[in-house]
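Report on the structure given below.
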Amino acid sequence: MWLQSIMAWSVQNLWCYLSLLLLFTSIHGNTENKIEALNEVNSDFAFRLYKSIASGAQSQNVFFSPLSVSTALAALSLGAGGETHRQLLSGLGFNSSVITSEEMHQAFLDLLQNFNQRTGVDLNVGTALYVNETFKPHPEFLENLKRFYLSEGFAVDFKKTTETSDQINKYVSEKTHGKISKFIEKLDPHTIMYLLSYIYFKGKWSIPFNPRMTRKDEFHVDKETTVPVQMMYLRDDFYIYSDLELSVSVIRLNYNDSFSMILALPLNNITLLEEALHPHHINKWQKLMSERMCGIFLPKLSLKTSYSLKSILSEMGFIDMFTAKADFSGISDENLLVSEAVHKATLDVDEAGTTAIAVTGIGFVGFSGRIFEVLKFDRPFMFFIVDQKTKNVLFMGKIVNPANSEVHQ
Ligand SMILES: *[C@@H]1O[C@H](CO)[C@@H](O)[C@H](O)[C@H]1NC(C)=O
Ligand SMILES: *[C@@H]1O[C@H](CO)[C@@H](O)[C@H](O)[C@H]1NC(C)=O
Ligand SMILES: *[C@@H]1O[C@H](CO)[C@@H](O)[C@H](O)[C@H]1NC(C)=O
Ligand SMILES: *[C@@H]1O[C@H](CO)[C@@H](O)[C@H](O)[C@H]1NC(C)=O
């Protein structure tokens, strides 16, 4: 009996996130108040998600786009009802007595449009929905997905697993400029619907590193282990700050426009920083930073991560959507549940630009008679790619070992 009732649920909604990161530049756009209202909620979600991901893998590199994940979950909430809907909104951090669902969707739309209009940077965000040919979602769900989350929709036959995964992978590859070419590795033929959320960011440093200064150097993974890295070097005026409370040195590297990478280098142990870190620290650092001559050593980075978010999100309170209790009555009268949530991201940091980061140590070095600080990201560090304009964290992560270029979790 039990098995039969489970089988009745076998219609599945396979759902997925995607995010990709690269670097380039940026321009200015107009920031709306509504977008800024999203900031607090999104940053809080970003840090909770970071803790949930990092706790499962203390000694691994971490890299993901909280914005891509929250966009996918907010889009999914369009089709959710009852307790599933409540869990989605509260898991994202929205308080329904402060902001209505309608206002939340509108704020996401404003944010996505703002990002897509920032012509100075290579930044693309959006969502896509693949629906099995035999499945007819409520038109209102499809309309709202298109209206608020700029979604493209496609009808496919998920039973033809090879053909359909090729089609989805081709779409993802186009949206990520070839950086994520095999998003789906194995497609479940029972899939009925697949929701994708992607973000592509390519930023050029406003002050590039000189490739002739890049040298082979060592990165100290821990007390016993070092790995070789290509260490870039640049000396210029940077915004920096020393946070004594967290024992961390912070530096901001700007891309063109108002996008930046904030790098946090713990003086000794990254655990303290990770445990204490709260969104208000980023705001505090930004406020207290001052411009000073500084030398920065930063390793070139190339990182691919892949996360199965099902257990991570369940831990964060998104429970029902993965079970037979799921209520997606806004999508269809058929019973649906989310069978999978996947997030992939890539990061490339080099002399011209990027995303990624590092931590530093502070030393004092004499140079041409001038004294300036040096931050050397030669041991585990954290980083954040943020938009100064909308105050959103597009990507965040931790580099523990630059030699480990692939993370599957
Ligand atoms: C939602 O906001 C209201 C009004 O500010 C507050 O009283 C309530 O405690 C909040 N609920 C949650 C779950 O934070
Ligand atoms: C998906 O559509 C195909 C026909 O295009 C159908 O044969 C298949 O049973 C459908 N899959 C599901 C899970 O309903
Ligand atoms: C980036 O900014 C620099 C200096 O502000 C400018 O010279 C360059 O054209 C910009 N690049 C892009 C792609 O906007
Ligand atoms: C970091 O410090 C904490 C407590 O201060 C300690 O428990 C932990 O073992 C340290 N980790 C490393 C990698 O040294």
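Counting starts at 1 for both ligands and their atoms, following the listed order. Computed from a predicted structure; not experimentally measured.
Close contacts between ligand 1 and Asn95 involve ligand atoms 1 (C), 2 (O), 3 (C), 8 (C), 10 (C), 11 (N), 12 (C), 14 (O) [criterion: under 4.0 Å to a heavy atom]. Counting the atoms of ligand 2 from 1 in the order shown, those under 4.0 Å from a heavy atom of Lys159 are 7 (O). The Glu133 neighbourhood of ligand 2 comprises atoms 4 (C), 5 (O), with distances under 4.0 Å to a heavy atom of that residue.
Considering only heavy atoms from C-beta on, Phe238 stays 4.5 Å or farther from Arg292 through its side chain. At a threshold of 4.5 Å between non-hydrogen side-chain atoms, the residues Asn210 and Tyr233 do not count as touching.
In this view, Phe45 satisfies the ring pair (Phe, Tyr, Trp, His ring centres under 6.0 Å) rule with no residue, not counting sequence neighbours.
In this structure, atom 3 (C) of ligand 1 has a protein heavy-atom contact shorter than 4.0 Å. Taking a distance limit of 4.0 Å, we find that atom 14 (O) of ligand 1 is approached by some protein heavy atom. For atom 9 (O) of ligand 1, no protein heavy-atom neighbour is present inside the 4.0 Å cut-off.
When hydrogens are left out, the protein atom nearest atom 5 (O) of ligand 1 is Val98 CG2, 4.1 Å; that is the closest non-hydrogen contact.
Applying the side-chain hydrogen bond (donor to acceptor under 3.5 Å, both in side chains) rule to pairs touching residues 296-316 yields Ser52-Glu315, Lys300-Glu351, Ser302-Asp348, sequence neighbours excluded.
For the atom pair OG1 of Thr84 and CG of Leu76, the computed distance is 9.0 Å after rounding to the nearest 0.5 Å.
Note on ring orientation: taking the six-membered ring where Trp is involved, the planes of Tyr200 and His177 are parallel (angle under 30°, cut-offs 30° and 60°).
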